[in-house]
Amino acid sequence: MNELDTMRHSCAHVMAAAVQEMFPDAQFGFGPPIEDGFYYDFELPRQLSPDDFKEIEQRMRRLAKSADHFEYKEIDGKSAIELFTSMNQTYKVEAINNLVSSGEPISLYKSGPFLDLCRGPHVGTTKQIGHFKILSVAGAYWLGDENNPQLQRLYATSFPTKDELTTHLARLEEARRRDHRILAKQLDLFSTNTDVGAGLILWHPKGGVLREIIENYWREEHRKHNYDIVFTPHIGRKKLWDISGHTQWYQDGLFPEMELENQSFINKPMNCPFHVQIFDSQTRSYRDLPLRYGELGTVYRFERSGVLHGALRVRGFTQDDAHIFCRHDQFAKEVGGALDIAYKMLGTFGFTDLKLIVSVRDENRDKKYVGSDEMWTLAEQGLIDALTEKNIEYQRVEGEAAFYGPKIDVMVEDAIGRQWQLSTIQVDFNLPERFDIDYEDSDGSRRRPVMVHRALLGSIERFTAILIEHFAGAFPVWLAPVQAVLIPIADRHIEYCNEVALKLASHGIRIHVDDRGERMNRKIRDAQKQKVPYMLIAGDRDVEANNVSVRLRNGEDIGAITPSVFAQTVQQVSIDRSESYGFGH
RNA sequence: GCCGACGUGGCUCAAUGGUAGAGCGGGGCUUUCGUAAAGCUCAGGUUGUGGGUUCGAUUCCCACCGUCGGCUCCA
């Protein structure tokens, strides 16, 4: 445990002590440090509310003032159980039992009147717990198991100095400011509503532009890399996913079946079976492989109501999916090829700090997996070969593989340092087996192809949401739903603005004329709030010289230029997919 | 799904056991103005839905739907 974690962990003890003062009958769960703070779980006679935070913090400050030493004590398991049983701490007793069975020593820490089962280490005294703030209260299952009782979890944070705490709280505020749900409303990008159903996104015209650009770019990049683009239905016969195994593995995640004329249909939770059918629509030769079928396929998965979150976690979403059918000697190269596109595309959107994770089966095979050991070993080796060949560093994580094969996940870091998992590339020997597909090899024998499943942006809905947060709604020119607003200073300039707008639109620039009866200042303000990259102002001087005066979203005044120079510049930065405005700096 | 909070005009929010108010936004009129909010005026809500308590509920209770913070889950 590093110094900061130690301090936060000690702070958690003090918080627990404060809660114990308020509720002598409180039972305690765990209280570890976490990224950016710590939490502590309690079972209390009543529900805590944010109104209680102040009192708890006050008590914490008083406990800190008394500067009690954190006293360490080691005792044997039996007396520990007796001690905590006498204190009526059933969760602690359970924790001790687990420790005893694993042979770990039982250590205690006492600070003032508060005694806790704890491995430590701690700071010297309760005075050294830094500057803290309680952030939220939430339910949390004991030991993370939803069959266990639910405790109340207090989330809090602490930092050595007041400045650091203030900075961190400002960072949280910044994240809230970038919240895609709020920005989507302000910028009129998408919405959800009760009548449509939770977790189902309605894309408004401006969000539609964003999506269209992202999708067109995706298609362009995949065409370049010799992918074929296919389209498949939103529903299909259930037996397809029975064969693939999805109904068995993810029963809870499916929308219920539709029975018609003795056939059972479901909304597709995955595109793969359809792509397999396309592969299987004719006899394939080894010369045909690899076959790469890409699809922006919208799938439907029933997510539990409590997990829905804006456009990040929804019930209907569009995977930028593809399935590569290839020979055994090809799949490592195909994985590498998919990674290349991922790097290229994510880089274009401004994500350059990428981390890779190779997820494999867990050591003990506790979870259920399909396929033989040889398949898994071979698949994992293929993934790792692809990475070592490219000299890419990765982290290997056990237990995170899909049920049918290992995978590579790509994590990106956004503008304020948050991690998002985007791309996933998975090797699968299983599905070809289940669907009994094959190709004819050079010697005339029938061979099983390997499938590579991959999604690079993940889901278009989710990716768009991440982009909104990454750019805080201020999209680079090539993505901006409206690229420029033309602002006539007085009504007599509207006609000129309309002419210019027509001309710019003919160059593919997304523009509109703000011809409302408002003053220029107001129009600038509104365009600014809509985060439109360029404001083109036209008054007497501009009309006379056939110019527009360019103001950038960042406040910079570029001055008067001709509409055609403006058009050229905007076209260029759009083609380059640059984050620059093309003027100034 | 679970725990908790919340749900008032397009948006942000206020108010009360006696059928709701502001700002922004919208319409109209006036203003025609050089780099982040002109003025006047009008309209707009059966207070998420359905029950219940009450003489009377938007306010209290229950259920459902949805949203938010987490937990669990995430092919």
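Convention: sequence-line order gives letters A, B, ...; per-chain numbering from 1. Keep in mind that the numbers below use all heavy atoms, side chains included, and drop hydrogens, waters and symmetry copies.
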Separation between CG (A:L486) and NE2 (A:H512), nearest 0.5 Å, reads 9.0 Å
Pairwise distance CG(A:D321) to OH(A:Y293) - rounded to 0.5 angstrom = 14.0 Å
To the side chain of [X], which of [options] is closest?
{"X": "A:D540", "options": "B:A38, B:G34, B:A75", "answer": "B:G34"}
{"X": "A:Q150", "options": "B:C71, B:C3, B:G34", "answer": "B:C3"}
{"X": "A:E303", "options": "B:U35, B:C73, B:U12", "answer": "B:C73"}

Suppose you measure atom [atom1] in [N] against the same atom in [M]; what distance do you get, rounded to whole Å?
{"N": "B:G18", "M": "B:A57", "atom1": "C1'", "result": "9 Å"}
{"N": "B:U19", "M": "B:U47", "atom1": "C1'", "result": "10 Å"}
{"N": "B:U54", "M": "B:C2", "atom1": "P", "result": "30 Å"}
{"N": "B:A37", "M": "B:A43", "atom1": "P", "result": "29 Å"}
{"N": "B:C64", "M": "B:G27", "atom1": "C1'", "result": "38 Å"}
{"N": "B:A20", "M": "B:G45", "atom1": "C1'", "result": "8 Å"}

Do [X] side-chain and [N] base share a donor-acceptor contact under 3.5 Å?
{"X": "A:R519", "N": "B:A36", "result": "no"}
{"X": "A:R304", "N": "B:U72", "result": "yes"}
{"X": "A:S49", "N": "B:G4", "result": "no"}
{"X": "A:N521", "N": "B:U35", "result": "no"}
{"X": "A:R176", "N": "B:C68", "result": "no"}
{"X": "A:Y250", "N": "B:C74", "result": "no"}

Within 6.0 angstrom of A:E174 CD, more than 12 heavy atoms from elsewhere = yes
Map every base of RNA chain B to its dot-bracket character, where paired means a Watson-Crick or G-U wobble contact with both distances under 3.5 Å and | marks a partner outside the strand.
-> (((((((..((((....[..)))).(((((.......))))).....(((((..]....))))))))))))....
Reckon [X] has a side-chain N or O less than 4.0 Å from the OP1 or OP2 of [N]?
{"X": "A:R492", "N": "B:C33", "value": "yes"}
{"X": "A:Y155", "N": "B:C71", "value": "yes"}
{"X": "A:K529", "N": "B:C24", "value": "no"}
{"X": "A:H493", "N": "B:C33", "value": "no"}
{"X": "A:R181", "N": "B:G69", "value": "yes"}

Output, in order, the C-alpha distance, side-chain angles, deciding distance and verdict of side-chain hydrogen bond (donor to acceptor under 3.5 Å, both in side chains) for A:T424 and A:D409.
-> CA-CA 4 Å; A:T424 183; A:D409 290 327; 2.8 Å; yes
A:Y404 ring center within less than 6.0 Å of A:H453 ring center = yes
Are A:F42 and A:F28 close enough that their ring centres sit under 6.0 Å apart?
-> yes
Enumerate the residue pairs fulfilling salt bridge (Lys or Arg N to Asp or Glu O under 4.0 Å) with a member in residues 531-543 of chain A, sequence neighbours excluded, ordered by first and then second residue.
-> A:R492-A:D540
Check every strand shown and say whether [X] touches a base, only sugar-phosphate, or nothing at a heavy-atom separation below 4.0 Å.
{"X": "A:Q186", "answer": "nothing"}
{"X": "A:T194", "answer": "sugar-phosphate"}
{"X": "A:G245", "answer": "nothing"}
{"X": "A:K185", "answer": "sugar-phosphate"}
{"X": "A:D542", "answer": "base"}

Hey, is the main chain of A:W142 close enough, under 3.5 Å, to the side chain of A:N148 for a donor-acceptor pair?
-> yes
